[in-house]
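Values below: every heavy atom of this structure, side chains too, minus hydrogens, waters and symmetry copies. For clarity, every value in this text was computed on a predicted model and none was experimentally measured.
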Amino acid sequence: MTETAELIDNDFLRQFELKVEDDMAVIEYSLQERKIFLTKMIIPDAINSEEFEKDFLAMVFDNIKERNISVVPTSPQIAKFVRRNRKYKRMLPVGIRI
């Protein structure tokens with residue numbers, strides 16, 4: 001489902017967007033200095049699945065990794081993803097434990 005979708009960083013609305021057919025999944029963020037705070041994830045019921053959520057978050061984290069920015073997940077869903085995917089724990093700022 002996410003293979004053909006393009007991740008968009010809408011910096012005006014401060015959110016990552018992934019449009020799938022007629023639905024759009026969103027992760028809201030706040031950017032401060034060299035840290036990005038991932039605050040809220042919204043996935044419509046029509047496309048919501050554990051696999052979609054995992055793929056969407058991986059796309060967002062890979063995008064952030066390319067920019068060399070630290071990630072602070074403030075949403076429980078996103079923090080859970082980081083706990084389950086150790087490779088993204090290196091992106092956390094010093095002193096942040098999940």
Roughly how far, to the nearest 0.5 Å, is CG of Asn68 from CE of Met91?
9.0 Å

Are a donor atom and an acceptor atom from the side chains of Tyr88 and Asp62 found within less than 3.5 Å of each other?
yes

Short side-chain to backbone donor-acceptor contact, Asn85 and Lys87, under 3.5 Å
no

Should we count NZ of Lys35 as having more than 12 external heavy atoms under 6.0 Å?
no

Taking every non-hydrogen atom, the tightest pair across Leu18 and Ala5
CD1-CB, 3.4 Å

Using 0.5 Å steps for rounding, measure from the CD atom of Glu50 to the CG atom of Asp55.
11.0 Å

Does Arg86, at its CZ atom, have more than 12 non-hydrogen atoms belonging to other residues, nucleotides or ligands within less than 6.0 Å?
no

Which heavy atom of Thr39 sits nearest to which heavy atom of Thr74, and what is that distance?
CA-OG1, 3.1 Å

Would you give the length of the straight line joining atom CD of Gln77 to atom CD1 of Ile43, rounded to the nearest 0.5 angstrom?
6.5 Å

For residues Ile42 and Glu28, determine if any side-chain heavy atom of one lies less than 4.5 Å from a side-chain heavy atom of the other.
yes

Atom pair CZ/NZ of Arg83 and Lys89 - distance to nearest 0.5 Å
8.0 Å

Where do Ile64 and Leu38 land on the side-chain contact (heavy atoms from CB on, under 4.5 Å) test, with the steps shown first?
CA-CA 11 Å; Ile64 294 168; Leu38 302 177; 4.2 Å; yes

Would you say Phe61 and Ile78 make side-chain contact, with heavy atoms under 4.5 Å?
yes

Please name the pair of heavy atoms, one in Phe81 and one in Lys54, separated by the smallest distance, quoted to 0.1 Å.
CE1-O, 3.7 Å

Is there a path from Phe37 to Ile69 through hydrophobic residues (I, L, V, M, F, W, Y) whose side chains come within less than 4.5 Å of each other?
no

Drop me the distance from Leu31's CG to Arg67's CZ, to the nearest 0.5 angstrom.
7.5 Å

Evaluate the side-chain contact (heavy atoms from CB on, under 4.5 Å) criterion for residues Val60 and Met41: first the C-alpha distance (whole Å), next the side-chain angles of each, then the deciding distance (0.1 Å), finally the verdict.
CA-CA 11 Å; Val60 169; Met41 181 166 59; over 6 Å; no

Just so I know, are the side chains of Ile36 and Phe16 near enough to count as touching, which here means a heavy-atom distance under 4.5 Å?
yes

Measure the CD-CG distance between Glu17 and Leu7 for me, rounded to the nearest 0.5 Å.
9.0 Å

What pair of heavy atoms forms the shortest contact from Asp11 to Tyr29, and how long is it?
CA-OH, 3.5 Å

Determine whether more than 12 heavy atoms belonging to other residues, nucleotides or ligands lie under 6.0 Å from atom CZ of Arg34.
yes

Specify the closest pair of heavy atoms between Pro93 and Val72, including all atoms of both residues, with the distance to one decimal.
CG-CG2, 3.6 Å

Side-chain heavy-atom pair Pro73, Leu92 within 4.5 angstrom cut-off
yes

